[in-house]
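Worksheet: the structure to be examined is printed underneath.
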Amino acid sequence: MPLTIGVPRETFAGEKRVATVPDVVEKLKKLGFSVAVESGAGDAANFADDTYRAAGADVVASAAELFARSDIVFKVRAPSLAEVGLLKAGTTLISFIWPAQNPELMQALAARQVTVLAIDALPRQLSRAQKMDALTSMAGISGYRAVIEAANAFGRYFAGQITAAGKIPPAKVFIAGAGVAGLAAIGTAANLGAIVRANDTRAEVADQVKSLGGEFVKVDYEEEGSGGGGYAKVMSEGFQQAQREMYASQARDADIIITTALIPGKPAPKLITAEMVQSMKPGSVIVDMAGEQGGNCELTVPGEAVVRHGVTIIGYTDLTSRLAKQSSTLYATNLLRLTEELCKAQKEKGDGTIDVNMEDDAIRGLTVIKDGAITWPAPPPKLPAAPPPKPAAAAAPPAPKGHGHGAGAPMAGSTMAVVFGGGGALFWLIGAFAPAAFLSHFTVFVLACFVGYMVVWNVTPSLHTPLMSVTNAISSIIAIGALIQVAPPLTSDVAGRPATLILGMAVLALALTAINMFGGFAVTRRMLAMFRK
């Protein structure tokens with residue numbers, strides 16, 4: 001019998017998101033499920049009840065009726081204890097749970113004999129889990145919104161401008177933490193024209209910061225900061241001291257600071273001290289994205305925007321809800337992909353049933369309670385073994401000095417003497433027996449070959465393709481010969497062939513050479529454009 005998916009209205013204060021949207025309802029119906037939505041669940045995200053009805057969902061009047069009808073419950077926020085009391089035994093709840101921070105909630109859910117899949121417990125290191133990764137979806141939105149909130153509170157343009165009224169310098173933005181939210185903030189601030197600097201304990205994100213238009217600021221202390229599951233780890237005291245010194249320097253220079261540092265299950269680290277806030281320029285802005293866990297700034301007030309020492313400190317905990325329609329759509333898609341995974345083990349497709357397969361690493365990681373038994377924390381997922389290192393190739397023995405040369409190596413003296421001696425003898429033979437007119441053309445040909453060879457030989461291999469296209473364009477010496485034949489009065493040649501034949505060949509040569517020249521420059525321009533932002 002098909003199961004019913006229930007979507008209640010979120011009761012958490014200020015939460016505007018909804019766990020599914022009308023477009024996703026249609027896809028859930030195709031999987032065989034019935035869908036019920038509490039009346040008004042999508043109003044704050046601009047999804048009216050009528051849009052759910054049009055997609056095939058049943059709209060029910062109250063939460064009590066919805067929970068009574070639902071076999072599977074989709075939620076955004078962890079349920080309140082009152083909502084837990086409405087769950088019937090055997091229900092499957094899919095939501096953010098944060099089991100480490102909510103032990104009482106875990107016990108209450110286990111007592112209801114339900115199965116709970118915590119979307120925040122997804123093993124993110126599994127590549128196939130990315131389509132279900134709601135943490136990444138929400139972090140990207142919150143990083144974008146953090147920059148918008150900073151721009152709203154900042155008293156200047158982000159981009160520098162030169163106007164008749166004076167010059168406006170670009171805003172300087174410093175972003176602490178280059179995870180998903182931090183990278184989204186870097187890209188947004190850079191696109192708005194700000195000078196963006198960023199720091200992270202994980203050195204490998206430096207290239208990602210640069211690719212988005214930011215500058216990576218390194219802490220003057222060597223320590224690896226990568227932790228498990230794509231998060232950073234808690235650093236040593238020595239590193240933290242060096243990091244504080246760097247943050248103090250950036251605070252004095254920056255107009256806007258956005259902090260994103262947060263490790264699940266731990267309080268937010270204090271990165272920005274009151275002294276750093278006091279050192280900032282009046283009118284500066286701090287957006288503390290870790291406000292819900294206490295904040296990265298000592299002066300943050302969670303959920304509020306306050307002014308301290310002339311600096312606006314924004315500690316909003318509902319950044320994703322401030323883009324409720326977008327975040328609801330992405331979250332609903334994540335839950336749809338999870339539902340598809342739960343249906344994968346079923347033999348009959350589209351029958352509206354699920355199987356919580358504990359042998360599946362992704363599903364096992366998500367499942368924190370199974371039929372009333374707490375199964376959190378999950379064992380580490382079985383990652384594929386790294387391929388064995390390839391055996392190092394045997395080093396070639398060095399060539400004897402003075403004999404032979406490798407690619408790009410200077411030619412040995414004895415070899416050079418032989419080559420130049422042979423070349424001189426060849427020139428003497430040609431000069432003694434060839435006509436004078438031929439000798440001048442031959443000299444130009446040999447010099448052109450030599451110059452072309454040296455140009456290519458001494459260029460970095462990575463530049464060969466653009467170089468070939470442009471040299472191909474500018475080396476069309478055929479055009480000069482063709483112009484010489486076209487320009488003078490037309491006469492028959494020595495063999496008596498008509499001048500029209502020479503004219504025709506010259507015009508054809510000019511046409512082909514023009515294609516070669518303009519095409520070469522066009523190709524070069526497209527190649528170089530690939531390296532520009």
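Numbers for residues simply follow the sequence, beginning at 1. Both backbone and side-chain heavy atoms feed into the values below; hydrogens, waters and symmetry mates do not.
Both the sub-6.0 Å distance and the 45° axial angle are not jointly satisfied by K210 relative to the ring of F216.
Not one N or O on the side chain of Q113 forms a donor-acceptor pair closer than 3.5 Å with the backbone of A89. In this structure a side-chain-to-backbone donor-acceptor pair under 3.5 Å is missing from S284 to I256. Judged by distance alone, the side chain of D371 and the main-chain N or O of V114 form no donor-acceptor pair under 3.5 Å. In terms of modelled atom types and a separation under 3.5 Å, the side chain of T300 and the main chain of I314 share no donor-acceptor contact. Between the side chain of T317 and the main chain of E292, no donor-acceptor pair closer than 3.5 Å is present. Without hydrogens or angle criteria, S327 side chain to S321 main chain gives no donor-acceptor distance under 3.5 Å. Judged by distance alone, with hydrogens and angles left aside, the side-chain atoms of R77 form no donor-acceptor pair with the main-chain N or O of F96 at under 3.5 Å. Here the side chain of D58 pairs no donor or acceptor atom with the backbone of A36 at under 3.5 angstrom. With hydrogens and angles disregarded, a donor-acceptor distance shorter than 3.5 Å links the side chain of T51 to the backbone of A48. No donor-acceptor pair closer than 3.5 Å links the side chain of D361 to the backbone N or O of P381.
Aromatic ring pairs are classed by plane angle as parallel below 30°, tilted from 30° to 60° and perpendicular above 60°; the pair F158 and F154 is perpendicular.
Among all heavy-atom pairs drawn from S142 and M289, the shortest one is OG-CE, 3.3 Å. Residues A242 and V219 share a closest heavy-atom pair of CB-CG1, 3.6 Å. When all heavy atoms of R308 and V277 are compared, the closest pair comes out as O-CG1, 3.7 Å. Closest approach of S80 and T11 over heavy atoms only: OG-OG1, 4.4 Å. What you find for A129 and P123 is that their closest heavy atoms are CB-O, 3.7 Å. The heavy-atom pair separating G193 from P170 by the smallest distance is O-CB, 3.9 Å.
Atom CE of M276 sits about 7.5 Å away from atom CZ of R244, to the nearest 0.5 Å. Atom CG of residue D133 and atom CG of residue L338 lie 11.5 Å apart, to the nearest 0.5 angstrom. One finds the CG atom of N296 at 12.0 Å from the CD1 atom of I258 (value rounded to the nearest 0.5 Å). Taking CD from E65 and CG from L86, the interatomic distance works out to 12.0 Å, rounded to the nearest 0.5 Å. Note that CG of L87 is 9.0 Å distant from OG of S70, once rounded to the nearest 0.5 Å. The CG atom of D288 lies 6.0 Å from the SG atom of C297; values are rounded to the nearest 0.5 Å.
Between V37 and D49 there is no side-chain heavy-atom pair separated by less than 4.5 Å. When side chains are defined from C-beta on, I148 does not count as touching R322, because their heavy atoms never get closer than 4.5 Å. Residues E340 and L31 have side chains in contact (heavy-atom distance under 4.5 Å, counting atoms from C-beta outward). No side-chain heavy atom of P99 sits less than 4.5 Å from a side-chain heavy atom of L105. At least one side-chain heavy atom of T375 sits under 4.5 Å from a side-chain heavy atom of R364. Between V73 and S95 the shortest side-chain heavy-atom distance does not fall below 4.5 Å. Contact check for T333 versus L330: no side-chain heavy atoms found under the 4.5 Å cut-off. Two residues are said to be in side-chain contact when any heavy atoms from C-beta on lie closer than 4.5 Å; D50 and R53 meet this criterion.
Residues passing the salt bridge (Lys or Arg N to Asp or Glu O under 4.0 Å) test with K88 are D71, sequence neighbours excluded. With sequence neighbours left out, the salt bridge (Lys or Arg N to Asp or Glu O under 4.0 Å) criterion links D255 to R156, K281. Under the ring pair (Phe, Tyr, Trp, His ring centres under 6.0 Å) criterion, Y52 pairs with no residue at all, not counting sequence neighbours. Scored by the side chain to side chain donor-acceptor pair (under 3.5 Å) test, Y247 finds N199, Q243 as partners (sequence neighbours excluded). In this structure K218 satisfies the salt bridge (Lys or Arg N to Asp or Glu O under 4.0 Å) test together with E222, sequence neighbours excluded.
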Quiz item: Stepwise, does the side-chain contact (heavy atoms from CB on, under 4.5 Å) test hold for F67 with T91?
Solution: CA-CA 9 Å; F67 279 96; T91 301; over 6 Å; no
Self-check item: Residue pair E83, R9: steps toward the salt bridge (charged side-chain N to carboxylate O under 4.0 Å, His left out) verdict
Solution: CA-CA 11 Å; E83 289 173 317; R9 181 193 298 187; over 6 Å; no
Exercise. Test M280 against I286 for side-chain contact (heavy atoms from CB on, under 4.5 Å), laying out the working first.
Key: CA-CA 10 Å; M280 296 179 72; I286 296 174; 3.7 Å; yes
Exercise. Evaluate the criterion ring-ring contact (aromatic ring centres under 6.0 Å, His included) for residue pair F74 and Y331; output intermediate values, then yes/no.
Key: CA-CA 10 Å; F74 284 180; Y331 182 69; 8.3 Å; no
Exercise. Check the pair I141 / L319 against side-chain contact (heavy atoms from CB on, under 4.5 Å), numbers first and verdict last.
Key: CA-CA 8 Å; I141 291 175; L319 291 173; over 6 Å; no
Quiz item: Can R337 and E341 be said to form a salt bridge (charged side-chain N to carboxylate O under 4.0 Å, His left out), step by step?
Solution: CA-CA 6 Å; R337 301 306 174 211; E341 289 292 316; over 6 Å; no
Self-check item: side-chain contact (heavy atoms from CB on, under 4.5 Å) evaluation trace for D120 with I97
Solution: CA-CA 7 Å; D120 48 274; I97 298 295; 4.2 Å; yes
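Other residues, nucleotides and ligands contribute only 12 or fewer heavy atoms inside 6.0 Å of the CD atom of E104. Applying the 6.0 Å contact sphere to OH of Y316 captures more than 12 heavy atoms from other residues, nucleotides or ligands.
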Would you be so kind as to tabulate the donor-acceptor pairs closer than 3.5 Å made by side chains of residues 17-26, with sequence neighbours excluded?
unit_1	atom_1	unit_2	atom_2	d
R17	NE	E15	OE2	2.8
R17	NH2	E15	OE1	2.9

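A salt bridge links E10 with K75: at least one charged nitrogen is closer than 4.0 Å to a carboxylate oxygen. D253 has a carboxylate O that lies under 4.0 Å from a charged side-chain N of R197, or vice versa, which qualifies the two as a salt bridge.
Applying the side chain to side chain contact (heavy atoms under 4.5 Å, CB included) test between I72 and each of L335, L93, L3 identifies L3 as the sole match.
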